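Reviewing the structure listed below.
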Amino acid sequence: MSKPVTTVHAKDPLWRRSAAEIRRARSVAWAFARRDLQLRYAQTRMGWLWSIGQPLLAAAIVLIVFSWIVQVQAPYGLSYPLYAFAALPSWLMVQHILLQGAPSLVHNQHIVSKIFFPRTALPLSKAGVALVDFTVATLLFWVYRGWATGMWIEGLHWVLLFAVMGLYAALGLAYWIAALSVRYRDGLALLPFLVQGLFLLTPIAYPTERFASALGDYAWLLYLNPFVGVADGMRFGWLGLGDWHDFHVISFGVAFGLFVSGTWALKAVERTLIDDL
Amino acid sequence: MSLPSHLAVQTLGLAKRYDGRGTFQGTHYWALKPLDLEVAAGSALGLMGPNGAGKSTLLKLLSGLTHPSSGGYQYRGQMTSLLEVGTGFHPDLSGRENVYLSGALHGMTRPEMTQRMEAIQAFAGLHDQYMDHPIKHYSSGMKVRLGFSVAAHLHADILVVDEVLAVGDASFQAKCLQSMEAQMTEKGRTVLFVSHNLYALQSLCPQSLWLDRGEKVRFGDSAELVTDYLQQAHGPKSAFAAGHRVASGSGKLRLTDMEWMAGPPQTGVTNTLRIAYEGEGDQHDVDIRLNIHGQDGRFIAPIAMHAQGFTPSKLPASGEVYVHFEAMPFMEGWYSVQARVTERGVVAYEHKNVWGFQVASGGFLAQAPAYTSGKNGVHIRQDWRLEP
């Protein structure tokens, strides 16, 4: 008898996560992500063209509202589209993970209540589609930047680094809302406002300096919102704007903290999930 | 705790308590009271009990869907639970992709599923063209077949199955049952099985656990437990004692009692069924029909007054009638009785489950050996000869 014995007891410590469990979470997340990708543009006329169309539409809206109507100026004499669109792909990724990942447990109740798998798998799976979209939008911007500035390979490693930071922060937040949504659906009711608020409070379509100068000495507070760090980082990578300063560390810390605590929160509700959902 | 090597699953004081919240603050109930249970490796254990007995709670605990309130359990090897057929199926995906998805949810990799794809397809009886078609265009039967087929081909040392045989047509149900038997005998799997189909439960599981209101009532031989369980569930006089609240009809005439007069009936032995009734005024053109059902709920045979040529035009307001059986036709097992009484063509009394009785085995003919099938049925008198 070489088969492993699994033991479960009421008094098991809450935080017990085996390597097998993490592997399982990944493979289930991959299966769900695959499903989402396969179904992504089912029954649409344009099909996969939408993954190009969506970021272009988002860019158009930002351009019309912030540049033409509100007349926001990019700093350092940069062209506004170049400045704003640098941070847009990462924001679209964050937005997708939040809007799809946070309600994923509630939306998939029928599966969650019948099969056990690590619950992080569902929100995590939403990162799949988000990453594909991010890649497409990033490629579009890469071509645009290359055409506008002649820079092709500069700063790409920074873009990658800050994209990972955005991914972790968004997943952490999605985990938290998903965990809370098991018992309190309030988070889901607030979700659209949260996403909208984050978009306005994060300097994506306007310069970070405008916000930071309003806070004066407390400018670092801004970076408690990890997505500010992501937006800054994106412009640092793409356009060489700003510098690697202390504030980013705050955002990194918050992103990492959100991810770890969010994973823990989901793990904590896992035990009684189907009793409360 | 260490798990003895002959056991596949062991629970020690395993219990689940639900605490009320909000307006139910301070209330609680035990969905499963502390339970000690041992399931030997390679065996099948049946779980029986009425709704709310704690069967599903036990399965949910074992499959990790919910955490015990006290106590715990251990098991050896990989446990796969099948609480529903086709969980995770997406209507817009093809049959093939759904097989992969469903497999992944149960912890199987894509190559593993590819390996099994042919067998899964064959078991479900689906053609290639269907497998590459979105399952939203499948009939519900096809979906169920595919779902069960996936489950039957997952690798598991312990299979936890809840009420999945309640779906599909009779032939597919039989096929599923066969497959589950094969899982145990050929692959040495351990099966935990919940079903309201007691016939299936009895034929699959040698031993059963009987739960009621979260507590163990008994543990032991399935055949004995099923008989006793049925006797308790629809015990003799149960409907009569219940004061006809569950009966329908005009009420002009009501059945009040039934009894085998020569004691517990035995196959092939003479017996007489006494049927007592009461009512108001003269009873005209009374027809009493008793439909006898086996323990799996299937219809076996009628005991019918008019159909047997007994048509008294008038009976007293209250009284008794008798049905004489020279040789009891029913074979060993438990039978339940559905009654329908008409007076002048109007339904006076109707009850889906008015009474039940147990038949002991015996030779249908004197000196002939008993015919045991392990299933409900009737013995029909037949004339065997060497010439036509």
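Protein chains get the first letters and strands the later ones, always in sequence-line order, with residue 1 at the start of each. In this text the structure is predicted, and so the values were computed from the model without any measurement.
Only the side chain of B/Tyr18 comes within contact range of chain A, with heavy atoms under 4.5 Å apart. The part of A/Arg34 that comes within reach of chain B is its side chain, from C-beta onward, which places non-hydrogen atoms under 4.5 angstrom from that chain. Heavy atoms of B/Ser63 lying under 4.5 Å from chain A belong exclusively to its backbone. Proximity to chain A is limited to the side chain of B/Asp157, based on heavy atoms less than 4.5 angstrom apart. Contacts between A/Leu39 and chain B at a heavy-atom distance below 4.5 Å involve the side chain alone, from C-beta outward.
Listed for the B/His67 side chain is a donor-acceptor partner under 3.5 Å among the backbone atoms of A/His9.
In plain terms, the two heavy atoms of A/Val8 and B/Pro68 that are nearest each other are CG1-CD, 4.1 Å. Closest approach of B/Ser70 to A/Ala10, counting heavy atoms only: CA-CB, 3.4 Å.
In A/Trp30, the CH2 atom is not crowded: 12 or fewer heavy atoms of neighbouring residues, nucleotides or ligands sit closer than 6.0 Å. Within 6.0 Å of the NE2 atom in B/His127, the count of heavy atoms belonging to other residues, nucleotides or ligands does not exceed 12. The number of heavy atoms from other shown groups lying within 6.0 Å of CZ (A/Arg24) is above 12. Other residues, nucleotides and ligands contribute at most 12 non-hydrogen atoms within 6.0 Å of the CD atom of B/Glu118. The number of heavy atoms from other shown groups lying within 6.0 Å of CZ (A/Arg26) does not exceed 12. The environment of B/Tyr130 atom OH is sparse: at most 12 non-hydrogen atoms of other residues, nucleotides or ligands sit within 6.0 angstrom. Other residues, nucleotides and ligands contribute only 12 or fewer heavy atoms inside 6.0 Å of the CD atom of A/Gln196. For A/Tyr168, the OH atom counts as loosely surrounded, since its 6.0 Å shell holds 12 or fewer non-hydrogen atoms of other residues, nucleotides or ligands.
Annotation: the span from A/Lys3 atom NZ to B/Ser5 atom OG amounts to 13.5 Å, rounded to 0.5 Å. Atom-to-atom distance recorded for B/His106:NE2 and A/Phe116:CZ is 12.5 Å, nearest 0.5 angstrom. The distance from atom CD of B/Glu84 to atom OG of A/Ser113, rounded to the nearest 0.5 Å, is 7.0 Å. Note that the CG atom of B/Leu65 and the CZ atom of A/Arg271 stand 14.0 Å from one another [nearest 0.5 Å].
Top candidate by heavy-atom pairs under 4.5 Å with chain A, chosen from B/Thr11, B/Thr87, B/Leu62, is B/Thr87. When A/Ile111, A/Asn108, A/Val28, A/Ile115 are compared by the number of non-hydrogen pairs under 4.5 Å with chain B, A/Ile115 comes out ahead. Heavy-atom pairs under 4.5 Å with chain A were tallied for B/Leu101, B/Thr66, B/Thr109, B/Asp92; the largest tally goes to B/Thr66.
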Begin with the C-alpha distance, continue with both residues' side-chain angles, and end with the deciding distance and a verdict on side chain to side chain contact (heavy atoms under 4.5 Å, CB included) for B/Leu93 and A/Arg35.
-> CA-CA 8 Å; B/Leu93 286 179; A/Arg35 177 194 74 174; 3.7 Å; yes
List the steps and the verdict of side chain to side chain contact (heavy atoms under 4.5 Å, CB included) for B/Tyr73 and A/Thr6.
-> CA-CA 8 Å; B/Tyr73 60 90; A/Thr6 310; over 6 Å; no
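A heavy-atom distance below 4.5 Å is found between the side chains of A/Phe117 and B/Leu105.
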